[in-house]
Amino acid sequence: MVMMKRKQGLQAGLVLLLTVIGLLTGIGIPAGMGAGVAGASMLEDGARIVRESFNHMRGKSSVSTVEMIIHRPDWERRMTLRGWTKGEKESIFRITAPPRDRGNGTLKKGSEMWTYSPKINRVIKLPPSMMSQSWMGSDFSNNDLAKSDSLLHDYDHYLEGTETHEGRTVYVIRSEPRPRAPVIWGMQRLKIREDQVLLEQVFYDEDGRPVKRLASEGIQMMSGRMFPRRMTMQKVDEPGSYTAIVYKEIAFLDTLPDRLFTITSLRTVRR
Amino acid sequence: MTLRMAWRNLWRNSRRTMVILTAVAVGVFSMIFIGALMAGVGEQMIRTSIATLVGSLQIHQHGYRDDPVVENTMEDPSEPQAALASVRMPDARWSRRVRVSAVAGNARHSAGVSLVGIEPEREAAVSFIGGAVTEGRGLSPGDPYGILVGRALVGTFETRVGRKLVLMSQAADGEMASRAFTIAGVFRAELEATEKQFVFVSLAAAQEMLGLGEGVSEIAVLLPDGADPDPVARALAAALPERYEILTWRELLPMLTAYIEMNDTFTAIWYLVVFIAMGFGIINTLLMAVFERMREFGLMRALGMTPGGIVREVLVESGLLLAIGMAAGNALAVAAVAAIGENGIDLSAFAAGVEYAGMPRVIYPALSFAGALEANLTVWVLGLIVSLYPALKAARITPVSAMARV
């Protein structure tokens, strides 16, 4: 009941905003905002918010230094990685510390992934059987990385409501997989702040029970945009186990050279 | 005459005769009964394996058996199908399948499985999946999104009928193929490993998901129970080019074949061991009897019996003994097989260990005429041979030395 009021409140607010903008720019808004049109607008808004957030979080291209902390009840492992991303589809990560793992890397182009280990001097293309296994020992799966843009293509996003966080409005979005989309989740729920920062992403199974949760903390200005200092992926049923990504530094760029995202680049150890 | 004398001689010391009769009967009984049990286990394992998708023989693209990947698909199944039509195989049924390794996953679990694309109506006649669905429904022909999952896998994945299962595998063009199937039904199989290993979809769905067009991975042929697959396999190999490999179940299941052969060897050794034990008993008893009757033999020699006659006498006695023992042993074995045959021997208490060995949980004995004949012949022939020793000893007595014994 409260949810509906909030939705209607939000819609009323949006209508008002759009009407004002419409009047200012001369675009007409249909007078009757009935349930059907409201539903469609919920979908459009949801999709738009998700896409904008995705672009914001990913940037056109980025270079980052990241510390990955893999924490379990009785041990913890830390790795430092250097990562380059370009667009939605290309990324390359390389471990720089500890010395034991130094030089290991993962390259992703489209839906294909390769890993490299200098110890065995082999580039291995990941077969489908390895896609559900963990990436570099963390709570992220190879699939999570490879299909990171699956959120945009395989789901319908519905704006459920709003909350506030640090004085800003947060959109709560329910993402349902499109029929026959090859995704294992039953549903995802996203919390996206009005400055396009992804605050939380919860993955649910088909029974509606949460399975894992990605949460952002320490949101601050980094390379000209609001970005979380730390993101933690955790299985809901195992609170003592998580993987945290701490952004030591990140730079958002317009573009990066293509030669960075090749297998040769994966093999070459860079400073 | 010899026979009458032999018979009377047997019962002169009835207690001793009964003891040795019991030994022979028990020996023959154990040979036949244990042999039947082991044969039963072997036969059931063969039948289960054949039903678990192996069939009597299979046709593949050459190289598929060593590397069952999507690249080794038979692109034009009409060729082997034509060959199947041309070879004479009375009462044979065949079905075609796509079979690749895949990863099945849902929100909480993932596991490697063997994805099998089948034509449900044809497959029902060839392998176990036809009657194995216990919950939900079977696959309909051309079902695009239905999948049949084993009971054990459904348990491991904490899922149920109606939920989705995402399968990922490599498509024919090298790209990754994934598809969200909906669990249509749950099947049960003899072995838990089977339930965890196989998932079934329709042939059309598998072909579409993997971009195979009309290609299939294998064609399985089922011949009637007990038929020898080798001549059919040879005929098919002759009718098809080198590109295809045709393998019988013996070649496809080398472990099982080795097990059956080991069974046979073990049975032979068992027969030998039982016989040696029995044989010593026979020799011992006969020797004692012969020594006891030295004077009698001496008298017979003095009255004109030839040494050969004495040997014949002893052998006939021994032969009678063996015959009665064998008859009793056979009767016991048949009774035991009939008694157990109804319910089998239930090994469910050792289910985990038995499962590991691939054996069925309830074993039924399989009495065969050949097996029983083997056991009987062994006892009869070897029994007579060992009786020669006391017989010859008896024959070498001279009347004088016999009389000298008191």
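The chains referred to below are lettered A, B, ... by the order of the sequence lines, with proteins before strands, and numbering in each begins at 1. Since the structure is predicted, the reported quantities are computational estimates derived from the model, not experimental observations.
With a 6.0 Å radius and a threshold of 12 heavy atoms from other residues, nucleotides or ligands, B:Glu214 has its CD atom at or below the threshold. Within 6.0 Å of atom CZ in A:Arg72, more than 12 heavy atoms from other residues, nucleotides or ligands are found, so the atom counts as buried in its surroundings. Counting heavy atoms of neighbouring residues, nucleotides and ligands inside a 6.0 Å radius, atom CD of B:Glu242 does not exceed 12 of them. Counting non-hydrogen atoms of neighbouring residues, nucleotides and ligands closer than 6.0 angstrom, the NE2 atom of B:His62 reaches no more than 12 such neighbours.
Residues B:Thr182 and A:Arg180 have side chains in contact (heavy-atom distance under 4.5 Å, counting atoms from C-beta outward). The shortest distance between side-chain heavy atoms of A:Ile184 and B:Met168 does not fall below 4.5 Å. Contact of the A:Met130 side chain with the B:Val103 side chain is not registered, since no non-hydrogen atoms from C-beta on lie closer than 4.5 Å.
Contact of A:Glu112 with chain B is made through the side chain alone, with heavy-atom distances under 4.5 Å. Contacts of A:Pro179 with chain B are absent, with no heavy-atom separation under 4.5 Å from either backbone or side chain. Heavy atoms closer than 4.5 Å to chain B are found in the side chain of A:Lys125, but not in its backbone. Using a 4.5 Å cut-off between heavy atoms, B:Arg179 contacts chain A through its backbone alone, with no side-chain atom that close. Within the 4.5 angstrom heavy-atom criterion, only side-chain atoms of A:Asp237, from C-beta onward, approach chain B.
For the residue pair A:Val183 and B:Lys164, the shortest heavy atom distance occurs at O-NZ, 2.9 Å. Nearest heavy atoms, B:Ala180 versus A:Ala181: CB-O, 3.4 Å.
Once rounded to the nearest 0.5 Å, the distance linking CZ of B:Arg163 with CG of A:Asp205 reads 7.5 Å.
Chain B forms more heavy-atom pairs under 4.5 Å with one residue of A:Lys212, A:Glu206, A:Lys235, A:Arg209 than with any other, namely A:Glu206.
Residues of residues 104-121 of chain B lying under 4.5 angstrom from chain A, judged on non-hydrogen atoms, are B:Gly105, B:Asn106, B:Ala107, B:Arg108, B:Ser110 in numerical order.
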